[in-house]
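Structure record follows, encoded as structure tokens.
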Amino acid sequence: MPQTGSKLVGVQYMRALASGMVLIGHVIAEAEHYFGTGLTAGLIPWTRGVDIFFVISGCIIMVSAQKYFGCAGGMRHFLRNRFVRVAPLYWFFTTLMLLALLALPGGAKDTVLDWGQVATSYLFIPYERYDGRIAPVLSLGWTLNYEIYFYALFSLAILLPQKTGPLVLVAAMAAVSLAGWAAAFDAAPLVIWSNPLILEFCFGVLLGHVYLHHWQGRTGCNGLALALLALGFALMTALNAVEGLHRTLSSGLPAALMTGSMVFLWHQPRTADRLSRLGLLLGDTSYALYLSHRFALRLLTLGLLPLLPAGTAGGWIFVFTACAAAVAASVLVHFRIEKPMLRWCTRRPQTVAA
């Protein structure tokens, strides 16, 4: 069985890819909106990087949670660790968004102040906005509503046997999704919690299950891993062009193929080159990039747009400049905000009662 304690380097690269795709998608949409021109790269489903994140999350949780099975207080420790990893930085940027709405009403595009939405944003409860969209104050946080829901369900699986518990979880999540499809719920929490998108976490759990219990490990398959990664990306692009195909199929299955290729086949050389180190850094900063890039993008939109030429040329200048600025900002957020927050939240008292 593969070593579960080592970092899955291929998954770090996938996190970097996923966050980069979301960034590019949002920047291109912003450029097309303000410059009034279509950019050919917009034909690629960049924002489906979120689906890759969901599959990665299921896989990583499955692998990293093994130490909690059969452990006294395992469920409680699992929930605490996951909450500490996700909530503080999200709450930081949610608060930043709230302050922006209070200081500059109407300054945030497509966002208005709703105190019911504010409360549910901090509690990770899905809430229907004024425009019918189910999203928190920090709109990017819609994915966190799924994440926290998945963590809550997985914590129940920890109470079951180590090998079968996660499989029971997958079956239960599939049943909930089927029930949601049949019942057509109206309440926002039920709409989100029964959405077939939750099956993308199941894809990741199944990948992790195979990795832990059935995969003997192979080396020297980096070429095959990259080929399957490219195939998955091409498949995602093609399937997203098919009308009527649910996102779980058009994006979730290709995301599972892409993630699986890097989990099972990628072998990191002992001596990492600069490109490898950059990939690991971008993987580490992916969560910070996801949560912060809208702020960097908004500031650049206000300050840079008046200086750029109209048309396609100006649009592409904006895309490259905004992407570089957002990545640079995310590195600062990771080291100056995210990591200090994690250290503070996970510090232990010097003396602990017996």
Side-chain angles (χ1 to χ4, degrees), residues 16-53 90 92-114 117-118 121 129-144 233 236-237 240-241 243 247 251 282 285-334:
L17 173 64
S19 61
M21 286 177 62
V22 173
L23 170 64
I24 293 171
H26 287 165
V27 172
I28 287 177
E30 196 88 347
E32 290 179 336
H33 173 75
Y34 284 106
F35 288 88
T37 182
L39 303 177
T40 55
L43 299 176
I44 297 174
W46 296 107
T47 56
R48 292 318 193 234
V50 166
D51 302 77
I52 299 175
F53 269 131
Y90 170 67
F92 174 85
F93 282 107
T94 297
T95 303
L96 195 60
M97 176 61 77
L98 178 59
L99 293 175
L101 291 174
L102 290 172
L104 300 169
K109 189 177 69 173
D110 299 331
T111 305
V112 297
L113 186 59
D114 178 341
Q117 185 188 25
V118 171
S121 295
R129 308 192 321 178
Y130 68 96
D131 58 359
R133 182 184 176 191
I134 300 175
V137 170
L138 181 64
S139 60
L140 291 165
W142 71 268
T143 61
L144 275 298
F233 191 84
M236 181 180 288
T237 301
N240 271 273
E243 292 188 11
R247 181 170 176 170
S251 301
L282 294 179
T285 61
S286 59
Y287 187 48
L289 176 61
Y290 179 74
L291 291 179
S292 68
H293 76 272
R294 279 294 193 187
F295 294 90
L297 180 56
R298 188 61 179 158
L299 290 175
L300 227 65
T301 300
L302 296 174
L304 186 62
L305 281 179
L307 306 177
L308 295 177
T312 303
W316 279 116
I317 294 173
F318 177 81
V319 167
F320 285 111
T321 305
C323 286
V327 170
S330 72
V331 173
L332 290 176
V333 169
H334 174 66

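Between the Thr321 side chain and the Phe318 main chain, no donor and acceptor come within less than 3.5 Å of each other. Here the side chain of Ser139 pairs no donor or acceptor atom with the backbone of Ala135 at under 3.5 angstrom. Using a distance-only test at 3.5 Å, with no hydrogens or angles considered, a donor-acceptor pair links the side chain of Ser121 to the main chain of Val137.
Here the side chains of Pro45 and Thr237 are in contact, with some heavy-atom distance below 4.5 Å. You'll find the side chain of Ile134 stays beyond 4.5 Å of the side chain of Trp142, heavy atoms only. Counting only heavy atoms from C-beta outward, the side chains of Tyr287 and Ser330 never approach each other to under 4.5 Å. Contact annotation: the side chain of Met21 approaches that of Phe233 to within less than 4.5 Å [non-hydrogen atoms, C-beta and beyond]. Between Ile24 and Cys323, some side-chain heavy-atom pair lies under the 4.5 Å cut-off. In this structure the side chain of Val118 reaches within 4.5 angstrom of the side chain of Leu113, judged on heavy atoms.
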Pairs under 3.5 angstrom only: tabulate donor-acceptor contacts from the side chains of residues 300-313 to other protein residues two or more places apart or in another chain.
unit_1: Thr301; atom_1: OG1; unit_2: Glu30; atom_2: OE2; d: 3.3
unit_1: Thr301; atom_1: OG1; unit_2: Leu297; atom_2: O; d: 2.7
unit_1: Thr312; atom_1: OG1; unit_2: Thr37; atom_2: OG1; d: 3.2

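Residues passing the ring pair (Phe, Tyr, Trp, His ring centres under 6.0 Å) test with Phe295, sequence neighbours excluded: Phe93.
Under 4.0 Å is where a charged nitrogen must lie from a carboxylate oxygen, and between Asp131 and Arg133 no such pair does. Using a cutoff of 4.0 Å between basic side-chain nitrogens and carboxylate oxygens, Arg247 and Asp51 are scored as salt-bridged.
To the nearest 0.5 Å, the span separating OG1 on Thr47 from CG on Asn240 amounts to 8.0 Å. Once rounded to the nearest 0.5 Å, the distance linking CD1 of Ile28 with NE2 of His33 reads 15.5 Å. Between the CG atom in Leu282 and the OG atom in Ser19 there is a gap of 7.0 Å [rounded to 0.5 Å]. Note: His334 NE2 to Ser292 OG = 11.5 Å, rounded to the nearest 0.5 Å. Interatomic distance, Gln117 CD to Leu101 CG, rounded to the nearest 0.5 Å: 8.5 Å.
The nearest pair of heavy atoms linking Val319 to Val27 is CA-CG1, 3.5 Å.
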For Tyr130 and Asp114, what are the C-alpha separation, side-chain angles and deciding distance, and is it a side chain to side chain contact (heavy atoms under 4.5 Å, CB included)? CA-CA 8 Å; Tyr130 68 96; Asp114 178 341; 5.7 Å; no

Please walk me through it: do Leu138 and Arg294 pass side chain to side chain contact (heavy atoms under 4.5 Å, CB included)? CA-CA 9 Å; Leu138 181 64; Arg294 279 294 193 187; 5.5 Å; no

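Between the side chains of Thr143 and Tyr290, at least one donor N or O lies within less than 3.5 Å of an accepting N or O.
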